[in-house]
Amino acid sequence: QVQLVESGGGLVQAGGSLRLSCAASGPPFSRYAMAWFRQAPGKEREFVATISWNGGYTYYADSVKGRFTISRDSAKNTVYLQMNSLKPEDTAVYYCAAKPTTTARRLTLSYEYDYWGQGTQVTVSS
């Protein structure tokens, strides 16, 4: 079973940057599609970005496209989310998710993922 631990959240001013990390342990990390979701207070969890098992396919929510970048380092069993030009509406708890698949496809629904981290808080002040 995959265990996921997020880190890198914090408080940042609008226009600033943060890089989130998600460290995975357990079965071969390289066989998993990975994603980031987020959940703001009073709102449903929403898709942010996904990356295929080999890093060859990525997909982003429209709200973050051009500002966020998802990447992975298989040697470190870690997936990253580089967040630039942050806005107050990016404030949320960010969750890392994993799905065992080697098929590169658009996976944007939370129920498609089998494993989840505990989340890391990102707060963007105006």
Side-chain angles (χ1 to χ4, degrees):
Q1 182 170 341
V2 174
Q3 293 184 327
L4 305 172
V5 179
E6 302 97 334
S7 62
L11 174 64
V12 63
Q13 288 188 332
S17 299
L18 282 175
R19 188 177 80 156
L20 305 183
S21 299
C22 173
S25 61
F29 174 71
S30 61
R31 294 295 185 178
Y32 285 73
M34 304 294 294
W36 289 94
F37 286 75
R38 66 187 182 186
Q39 187 166 18
K43 295 188 177 181
E44 294 186 354
R45 190 170 298 188
E46 66 172 357
F47 168 78
V48 175
T50 186
I51 187 167
S52 62
W53 66 282
N54 62 354
Y57 175 84
T58 58
Y59 183 76
Y60 298 89
D62 287 342
S63 59
V64 307
K65 200 172 296 182
R67 300 189 297 122
F68 291 10
T69 302
I70 189 170
S71 62
R72 65 191 297 160
D73 185 336
S74 292
K76 296 182 178 180
N77 286 357
T78 301
V79 64
Y80 303 98
L81 185 68
Q82 178 66 45
M83 306 186 295
N84 298 329
S85 301
L86 282 161
K87 305 175 181 179
E89 51 263 44
D90 294 318
T91 295
V93 177
Y94 283 70
Y95 296 92
C96 177
K99 176 181 177 63
T101 179
T102 55
T103 301
R105 59 189 176 97
R106 188 179 301 179
L107 297 167
T108 63
L109 302 175
S110 58
Y111 69 77
E112 294 180 299
Y113 290 85
D114 300 277
Y115 303 102
W116 292 84
Q118 293 300 306
T120 185
Q121 176 71 46
V122 172
T123 303
V124 184
S125 62
S126 57

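- Cluster annotation: V79 and W116 are assigned to distinct hydrophobic clusters (Ile/Leu/Val/Met/Phe/Trp/Tyr, side-chain heavy-atom contacts under 4.5 Å, transitive).
- If you take CG on N54 and OG on S30, they are separated by 9.5 Å, rounding to the nearest 0.5 Å.
- In plain terms, the two heavy atoms of A98 and Y32 that are nearest each other are CB-CD2, 3.8 Å.
- Across all their heavy atoms, Y80 and D73 have their closest contact at CE1-CB, 4.0 Å.
- Pairs engaging residues 50-59 under the salt bridge (charged side-chain N to carboxylate O under 4.0 Å, His left out) rule: none recorded [sequence neighbours left out].
- For Y113, the ring pair (Phe, Tyr, Trp, His ring centres under 6.0 Å) partners two or more places apart in sequence, or in a different chain, are F37.
- Applying the side chain to side chain donor-acceptor pair (under 3.5 Å) criterion to R67, with sequence neighbours excluded, gives D90.
- Within the structure, salt bridge (charged side-chain N to carboxylate O under 4.0 Å, His left out) contacts touching residues 48-66 (residues at least two apart or in different chains) are D62-K65.
- Qualifying side-chain contact (heavy atoms from CB on, under 4.5 Å) partners for T103, counting only residues two or more places apart in sequence or in other chains: T101, R105.
- Remark: side-chain polar atoms of Q39 are not paired, donor with acceptor, to backbone N or O of A92 under 3.5 angstrom.
- For the pair A14 and S126, the tightest heavy-atom approach, listed with the atom from each and the gap, is CB-CA, 4.4 Å.
- In this structure, T91 contributes its side chain and V124 its backbone to a donor-acceptor pair below 3.5 Å.
- The hydrophobic cluster containing L81 does not contain V93, counting ILVMFWY residues as joined when their side-chain heavy atoms lie under 4.5 angstrom apart, directly or transitively.
- Across every non-hydrogen atom of R106 and Y57, the tightest pair is CB-OH, 3.4 Å.
- Taking the side chain as every heavy atom from C-beta outward, L4 and M34 approach each other to under 4.5 Å.
- Within 6.0 Å of CD in Q3 there are 12 or fewer heavy atoms belonging to other residues, nucleotides or ligands.
- Taking Q82 as the reference, N84 meet the side chain to side chain donor-acceptor pair (under 3.5 Å) condition, with sequence neighbours excluded.
- If you take CZ on R72 and OG on S52, they are separated by 7.0 Å, rounding to the nearest 0.5 Å.
- Residues passing the side chain to side chain donor-acceptor pair (under 3.5 Å) test with Q121, sequence neighbours excluded: T123.
- Scanning for side-chain contact (heavy atoms from CB on, under 4.5 Å) contacts around T102 gives R31, W53, with sequence neighbours left out.
- Scanning for side-chain contact (heavy atoms from CB on, under 4.5 Å) contacts around A61 gives F47, S63, V64, with sequence neighbours left out.
- Residues satisfying the side-chain contact (heavy atoms from CB on, under 4.5 Å) test with S7, not counting sequence neighbours, are S21.
- Judged by distance alone, the side chain of Q13 and the main-chain N or O of S125 form no donor-acceptor pair under 3.5 Å.
- Under a 3.5 Å cut-off, the side chain of E6 and the backbone N or O of T120 do not form any donor-acceptor pair.
- For T78 against A23, the heavy-atom pair with the smallest separation is OG1-CA, 4.1 Å.
- For Y94, the side chain to side chain donor-acceptor pair (under 3.5 Å) criterion is met by R38, not counting sequence neighbours.
- The distance from atom CD1 of I51 to atom OH of Y60, rounded to the nearest 0.5 Å, is 7.0 Å.
- Using a 4.5 Å cut-off between side-chain heavy atoms of Ile, Leu, Val, Met, Phe, Trp and Tyr, with links allowed through other members, M83 and W36 fall into the same hydrophobic cluster.
- In the hydrophobic clustering of this structure, I70 groups with Y115; members are Ile, Leu, Val, Met, Phe, Trp, Tyr whose side-chain heavy atoms approach within less than 4.5 Å, directly or through other members.
- Members clustered with Y111: L109, by chain and number, using a 4.5 Å side-chain heavy-atom cutoff among hydrophobic residues.
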